[in-house]
2 protein chains.
Amino acid sequence: MYTLDQVRCFIAVAEELHFGRAAERLHMTQPPLSRQIQRLEREIEFKVFERTSSGVSLTPAGTSFLVESYRLLDRVDTAPRKAKLIAEGRIGLIRIGYTAVSGYNVLGHLLTCIRKHLPDVQVELTEQVTSSQIESLQNHSIDLGLARPPFDGEGIISQPIYTDNMAVVIPKGHPLGQHRDNVSLDEISKYPMVMFSPKDAEYFHDLLTRELGISAKQGKFQVTDAATIVGLVAQDHGIAIVPSSTKVLGRSDVEYLNIPALADIAVELHAIWHTDSSNPVLQHIPEIMSDFSTQSLDD
Amino acid sequence: MYTLDQVRCFIAVAEELHFGRAAERLHMTQPPLSRQIQRLEREIEFKVFERTSSGVSLTPAGTSFLVESYRLLDRVDTAPRKAKLIAEGRIGLIRIGYTAVSGYNVLGHLLTCIRKHLPDVQVELTEQVTSSQIESLQNHSIDLGLARPPFDGEGIISQPIYTDNMAVVIPKGHPLGQHRDNVSLDEISKYPMVMFSPKDAEYFHDLLTRELGISAKQGKFQVTDAATIVGLVAQDHGIAIVPSSTKVLGRSDVEYLNIPALADIAVELHAIWHTDSSNPVLQHIPEIMSDFSTQSLDD
DNA sequence: ATTACTTACGTATGACGTAACGATT
DNA sequence: AATCGTTACGTCATACGTAAGTAAT
């Protein structure tokens with residue numbers, strides 16, 4: 001097999017079309033250069049130069065081999081640097097799972113931070129409920145999740161990234177709208193509600209039932225996706241308690257009430273990842289998160 | 001700079017994760033292998049292996065460098081073969097200029113032959129009149145042309161590829177249609193004609209005026225493109241004498257007359273190329289042409 | 001003690017440089 | 001005669017293998 005030195009010799013001669021000058025450029029004398037070329041030609045089994053009376057010229061195959069040689073040396077040069085960048089997590093891919101609600105608000109800001117810190121890292125996004133994200137993290141089919149507690153999977157690390165609060169959403173013109181922002185929970189309990197699913201929206205479901213004492217039976221529908229809940233509310237299928245960030249859905253057919261009973265209820269979104277993920281991009285999560293937390297998310 | 005031998009050593013150890021076995025696979029002993037890896041690590045300035053008590057493992061950067069190494073060695077392996085194939089004209093690009101009429105018929109068959117002989121050669125097609133093809137050949141902006149004589153450019157080589165004949169084209173329902181295929185030239189001269197342009201369709205223009213003695217003045221329009229001529233005939237702007245291969249245009253609003261006066265008029269299409277084209281694909285023109293000539297073009 | 005990688009040292013392959021050679025203008 | 005690439009030959013660097021060393025189980 002031929003060597004990189006031979007390729008470098010070849011390129012020099014091909015560029016100079018003169019063994020003497022090429023040797024000079026390579027800080028060597030003609031004879032060993034000549035031998036290197038001969039050896040290269042023996043290894044690759046074709047002549048790269050035509051040695052005529054009037055000088056040296058590339059053969060057709062040599063001409064083609066020259067461009068291949070450039071590419072080869074380029075790869076030789078970039079391979080270690082690229083490997084280092086990959087290992088440092090500065091280039092590569094990060095696959096992120098996110099809950100639908102986080103997509104309304106937090107995700108965009110997170111992507112901005114990622115872009116800022118790691119401009120050459122590709123991002124792949126998949127909408128997934130929390131339980132599915134944990135499974136994917138353990139499969140190693142995603143690298144990072146944006147999810148709601150609890151995280152009971154093995155090896156899952158979580159860090160709070162954003163705190164939202166809950167609000168009552170009612171259809172436009174609903175009687176509760178009259179009292180604006182000063183409604184008690186008891187009041188609300190009189191109306192049928194669209195509830196979060198206990199399975200795929202465990203966090204919100206438990207929050208409503210446990211923390212607020214709302215009966216699951218009050219819900220005529222059990223829905224996973226907050227956007228769907230708001231949609232059902234708009235179409236008069238009940239009222240609901242949803243994260244405030246659903247406001248960015250921008251629906252004009254609903255109203256939000258920031259009632260006192262919900263004022264102290266904080267709903268947390270966490271970034272989660274797996275301890276033994278091999279993706280080097282995750283190294284930068286701390287710096288990205290700390291940058292993220294300095295930004296205002298209000299809109 | 002690191003060497004390919006070092007890369008091969010690295011791959012062996014990375015695959016075995018064991019210096020001893022890797023050395024065995026490389027038909028050498030552990031010490032020099034160990035030194036090769038050390039040297040590699042010194043050259044690329046990062047450690048590729050973690051030497052722990054419990055054995056050898058790849059560092060993150062080493063893991064990335066492994067995939068780069070595979071690609072590198074792959075290129076080392078393919079570069080000479082690729083160069084040889086390019087030089088032999090078995091892979092690469094051939095840029096072909098063709099006249100509009102040749103596109104109706106000959107071009108397709110030629111491409112079939114090229115595909116058959118040179119399945120891995122890409123073909124780029126540009127419609128050009130003969131004079132423009134010659135210019136492009138001299139510019140080296142095309143490699144091959146399909147054109148009509150004469151070829152008076154410097155260094156142009158031509159070879160006949162297809163012989164067509166001329167036919168009278170008349171609009172459907174035209175009085176000449178009654179006599180079907182038994183019309184004299186004199187008869188035709190009574191009707192206004194759509195003529196070929198003397199500049200961009202020199203070959204056909206000269207054929208009609210010189211060989212058949214048709215006066216240029218008989219033409220109300222002078223047109224470059226045969227398809228346009230047939231279109232104008234269809235719309236009753238005159239009759240015309242055009243190559244028979246325009247029949248493949250498939251227009252039902254015109255009729256063709258194969259009159260005796262045109263029976264012996266052969267119109268030739270040539271493949272043309274330039275002596276000092278550097279495109280190695282042209283080496284295969286002879287074989288392609290001889291294969292082409294054994295095929296029937298009638299449809 | 002054994003296993004496995006690294007360091008030390010002597011040997012040999014091979015790459016360089018000088019010198020001589022051959023071919024062309 | 002001069003230029004330029006190749007062959008011949010002696011020297012030195014580099015890479016190998018053997019042997020000894022070191023660290024961990």
Side-chain angles (χ1 to χ4, degrees), chain A residues 1-63 65-66 69 72-73 76 80, chain B residues 1-63 65-66 69 72-73 76 80:
Chain A
M1 200 44 99
Y2 61 96
T3 70
L4 294 176
D5 280 329
Q6 285 159 13
V7 174
R8 290 191 195 95
C9 290
F10 164 63
I11 288 176
V13 178
E15 284 179 355
E16 300 287 346
L17 289 177
H18 189 289
F19 277 72
R21 284 196 296 277
E24 200 174 347
R25 211 173 89 178
L26 294 164
H27 307 293
M28 66 195 298
T29 55
Q30 294 93 327
L33 175 57
S34 187
R35 284 192 298 261
Q36 287 283 37
I37 300 296
Q38 286 169 27
R39 195 180 174 96
L40 173 65
E41 290 177 326
R42 206 166 64 235
E43 293 291 345
I44 64 183
E45 295 176 309
F46 58 85
K47 296 259 171 272
V48 289
F49 293 118
E50 201 81 66
R51 285 83 155 173
T52 70
S53 49
S54 56
V56 177
S57 62
L58 281 158
T59 61
T63 308
F65 191 62
L66 180 60
S69 296
L72 181 60
L73 286 199
V76 167
Chain B
M1 201 46 97
Y2 61 95
T3 70
L4 294 176
D5 280 328
Q6 286 160 11
V7 174
R8 291 191 195 96
C9 290
F10 164 63
I11 288 176
V13 178
E15 282 178 358
E16 301 286 346
L17 289 177
H18 190 288
F19 278 73
R21 285 196 297 276
E24 201 174 345
R25 211 174 90 178
L26 293 165
H27 307 294
M28 65 196 296
T29 55
Q30 293 93 328
L33 175 57
S34 186
R35 284 192 299 262
Q36 287 283 37
I37 300 296
Q38 286 169 26
R39 194 182 174 94
L40 174 65
E41 290 177 325
R42 207 166 64 235
E43 294 290 346
I44 65 183
E45 295 177 308
F46 58 86
K47 297 258 170 272
V48 290
F49 294 118
E50 202 81 66
R51 284 84 156 173
T52 71
S53 49
S54 56
V56 178
S57 61
L58 280 159
T59 61
T63 308
F65 191 62
L66 180 59
S69 296
L72 181 60
L73 287 199
V76 167

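A, B, ... follow the sequence lines: proteins, then strands. Residue 1 opens every chain.
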Between OH of Tyr2(A) and C1' of dG14(C) the distance, given in whole Å, is 21 Å
What is the distance, to the nearest angstrom, from the CG atom on Leu33(A) to the C1' atom on dC16(C)?
12 Å
Just say parallel, tilted or perpendicular for the rings of Phe49(B) and Phe10(B), cut-offs at 30° and 60°.
tilted
Spacing of His27(A) atom NE2 relative to dC16(C) atom P, expressed in whole Å
14 Å
Has Gln30(A) got a side-chain N or O lying under 4.0 Å from the OP1 or OP2 atom of dT7(D)?
no
To the nearest angstrom, the CD-C1' distance between Glu24(A) and dG17(C) comes to 15 Å
Within less than 4.0 Å of OP1 or OP2 of dT6(C), is there a side-chain N or O belonging to Arg51(B)?
yes
Atom pair CG (Leu66(A)) and CD (Glu15(A)), whose distance is rounded to the nearest 0.5 Å:
7.0 Å
Looking only at the side chain of Pro31(A) (C-beta and beyond, no hydrogens), which of the listed nucleotides dT7(C), dT18(C), dG17(D) gets closest?
dT18(C)
Among the nucleotides dT6(D), dC16(C), dC5(C), which one has an atom lying closest to any side-chain atom of Val56(B)?
dC5(C)
How many Å lie between CD on Gln38(B) and C1' on dC16(D), as a whole number?
15 Å
So, under a plain 3.5 Å distance rule, would you say the side chain of Arg39(A) forms a donor-acceptor pair with the base of dG14(C)?
no
Glu43(B) side-chain N/O to Met1(B) backbone N/O, donor-acceptor pair under 3.5 Å:
yes
Can you tell me if Ser34(B) touches the phosphate of dC5(C), counting only side-chain N or O atoms and a distance under 4.0 Å to OP1 or OP2?
no
Which of the following nucleotides, dG5(D), dC16(C), dC9(C), is nearest to the side chain of His18(A)?
dG5(D)
Tell me: NZ of Lys47(B) to C1' of dC5(C), nearest whole Å?
13 Å
Side-chain donor/acceptor contact of Arg35(B) with base of dG17(D) under 3.5 Å
yes
Take Phe19(B) and Arg51(B) through the side-chain contact (heavy atoms from CB on, under 4.5 Å) test and state the conclusion after the steps.
CA-CA 10 Å; Phe19(B) 278 73; Arg51(B) 284 84 156 173; 4.3 Å; yes
Could you state the atom-to-atom distance from CE of Met28(B) to C1' of dC5(C) in whole Å?
14 Å
By nearest heavy atom, map Leu17(B) and Gln6(A) onto DNA chain C; which one lands nearer the 5' end?
Leu17(B)
What pair of heavy atoms forms the shortest contact from Leu33(A) to Met28(A), and how long is it?
N-CE, 3.7 Å
Nearest-nucleotide wise, let me know which of Arg21(B) and Pro32(B) is further upstream toward the 5' end of DNA chain C.
Arg21(B)
Output the rounded distance in Å from CG (Asp5(A)) to P (dT14(D)).
12 Å
